[in-house]
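Worksheet: the structure to be examined is printed underneath.
Every heavy atom of this structure was used, including side-chain atoms; hydrogens, water molecules and symmetry mates were not. Both ligands and their constituent atoms are indexed starting at 1 by order of listing. Please read all numbers here as calculations on a predicted model, not as lab measurements.
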Amino acid sequence: MQGVIASSEVTREALDVSLPKGERRRPLEQRGGLPPWAYDNAELTALEKELVFRRNWLLVGHVGQIPKVGDYMTLDVADERALVVRGEDGAVRAFHNLCRHRGSRVVAEPKGNCGRVITCPFHGWCYELSGRLRGVPRPKTFPKLDRDQYGLKPLDCEIWHGFVFVRFKGSGPSMAEILAPVEADFAARPMADLRTYDEAWSYEFELDWKAALDVDNEGYHVPVAHPSLQDLYGHSYRDNILSDKLNLSIGDFGDKPASLWSVRHYMKALPEMSELPADQRRSWRYYGIFPNLVITLFPDMVDFYQFFPIDSRRSVMRGGYLALPDSRREIRLSRYLLQRINRMTGDEDIQLIKWAWEGYRSSAFEDIMLSDDEQVVRAYHDRLRDVLPVLNLREAPAPGTIAETNRRLSGAAV
Ligand code: FES
Ligand SMILES: [Fe+2]
């Protein structure tokens, strides 16, 4: 039994810690999932925030959402706050959204334009767009403040094809390295020219974030649960694991005429898109990036969405649409219909996510049974088990001991 322990007893042997972290995988014949307690446990959520969300690259948005000097966007996640702003020199920079005076947010809104100065809404400390402290009200009431030392704290930031990623802690491969296997797909499009197509959206679930990821991570449910996607793809939809942190799901358009109104008219309205590589012209391609992000390349636009925990019973799904400026009537129609199809699919997924989460709480629930077509769910669970070996325990450790148990299991692996 490689990498699996079936009871709450924590031993070196049970975890098979001789294996390197990345190889602690469940054998394929084991088709179970994470233990049900993992979907409703505040201590575990705190660990996930620390070990999964603070220590991996997280998307804030795309540079096309902040085209002008002073434009900014923010991300609140894992009790951290990120601010991304375009400077006077045109550069995009990331900071903690954290005033150096008393810790307030320095911008109050999720997005907007702050002009040439970021002014904290609490007492009015001002920062340049480069992050440097510009001035404070009643400066004589303070000792002399070094403007660089008391500037906004910069965040680890990487921009990949216009997508702005931040990392709150830790180190590891760059996004360019993680996304190298799909670099060519994105390089085939003028990604830096994308602009906001629609307002960014968010949806709050009253359930653990992993329940949402579990549904999103497989396409086995598409033929039954998503009539529009099935109509669009036929049987072409497939999930591919490209690496530990990267999956690619592809739905090529079917040959048969679609029967649903939105899908039929979408396929008809969509222009030839001959500027794209052949395999992107009649295809929806979903790039799943650990720990919580999907970027979709549609022929006529791009979208992204992410899942975050708020606490063990609340999570957020957040996303946005991006597109190249194009006023052709047929492309406006195809984009409208694409969003309509996605809205229907999203509503269907929300229901599935709720039902699955309810199931984990049922007294009759034992475990899930994954098919070969749900391999991404297992791979994602494996990745979580790498950093949270406590997830191998079928029974929850005693209250107050989860972090310590996880540390012990992780430590034993080194
Ligand atoms: S907390 Fe920002 S000015 Fe006081
Ligand atoms: Fe779905």
Quiz item: How many N, O or S atoms of the protein are nearer than 2.8 Å to atom 2 (Fe) of ligand 1?
Solution: 2
Exercise. Not counting sequence neighbours, list each pair that qualifies as a side-chain hydrogen bond (donor to acceptor under 3.5 Å, both in side chains) and has a residue in residues 124-147.
Key: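 Sorted result for residues 124-147: R132-D148.
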Using the six-membered ring wherever Trp is involved, compare the ring planes of [X] and [Y] and label them parallel, tilted or perpendicular (cut-offs 30° and 60°).
X    : Y    : value
H96  : F168 : tilted
F53  : F308 : tilted
F165 : F163 : tilted

Quiz prompt | Distance flag, aromatic centroids of F205 and W357, threshold under 6.0 Å | solution = no
Exercise. Carefully, step by step, assess D185 and Y287 under the rule side-chain hydrogen bond (donor to acceptor under 3.5 Å, both in side chains).
Key: CA-CA 10 Å; D185 291 3; Y287 299 80; 2.5 Å; yes
Quiz item: How long is the gap from CD1 on I402 to CG on L391, to the nearest 0.5 Å?
Solution: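 Here the rounded value is 9.5 Å.
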Practice problem: Could you please give the number of protein N/O/S atoms within less than 2.8 Å of the Fe ion (ligand 2)? | Solution: 4
Quiz item: Where the side chain of H123 meets the backbone of C120, is there a donor-acceptor pair that is under 3.5 Å apart?
Solution: no
Quiz prompt | Partner residues of E374 under the side chain to side chain donor-acceptor pair (under 3.5 Å) criterion, sequence neighbours left out | solution =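 With neighbours one apart ignored, the set is S371.
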